[in-house]
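Okay, structure first, notes after.
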Amino acid sequence: MGKAAKTPALPPARQEDEISDLYNQITDRVAVMVQMGPESRGLIRDFLEGLDENLSVADVKAALEAEWS
């Protein structure tokens, strides 16, 4: 399976609309053999809702680093 296409370097998303735009850009440009539809996005939402809201993005990225290798 191939890797997802990298999103062009953009400033970090800070505001709600920027975060939404970034999420849609990434999921709309999937270049792997998966179905990225409402069900898949729902799974991502479930994952995010399961995180402690006091975690930073850096905390989550660090925790998942081994999964991405």
Side-chain angles (χ1 to χ4, degrees):
M1 234 181 236
K3 287 199 173 217
K6 286 281 186 183
T7 302
L10 299 171
R14 288 186 173 86
Q15 298 178 355
E16 212 170 297
D17 60 333
E18 293 171 337
I19 293 167
S20 178
D21 287 347
L22 177 64
Y23 176 76
N24 287 325
Q25 284 178 359
I26 290 171
T27 60
D28 287 347
R29 294 183 180 171
V30 173
V32 294
M33 297 183 69
V34 297
Q35 178 60 39
M36 195 57 150
E39 297 85 4
S40 298
R41 291 178 181 177
L43 293 172
I44 294 168
R45 180 181 180 176
D46 291 345
F47 168 72
L48 294 174
E49 288 181 344
L51 297 173
D52 183 310
E53 61 186 39
N54 294 310
L55 290 173
S56 70
V57 172
D59 294 333
V60 176
K61 286 170 53 179
L64 293 174
E65 195 60 42
E67 300 293 327
W68 296 335
S69 303

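In terms of the side-chain contact (heavy atoms from CB on, under 4.5 Å) criterion, residue partners of Leu64 (sequence neighbours excluded) are, by chain and number, Phe47, Val60, Glu67, Trp68.
How far CG of Asp59 is from NZ of Lys61: 11.0 Å, rounded to the nearest 0.5 Å.
Other residues, nucleotides and ligands contribute more than 12 heavy atoms inside 6.0 Å of the CZ atom of Arg41.
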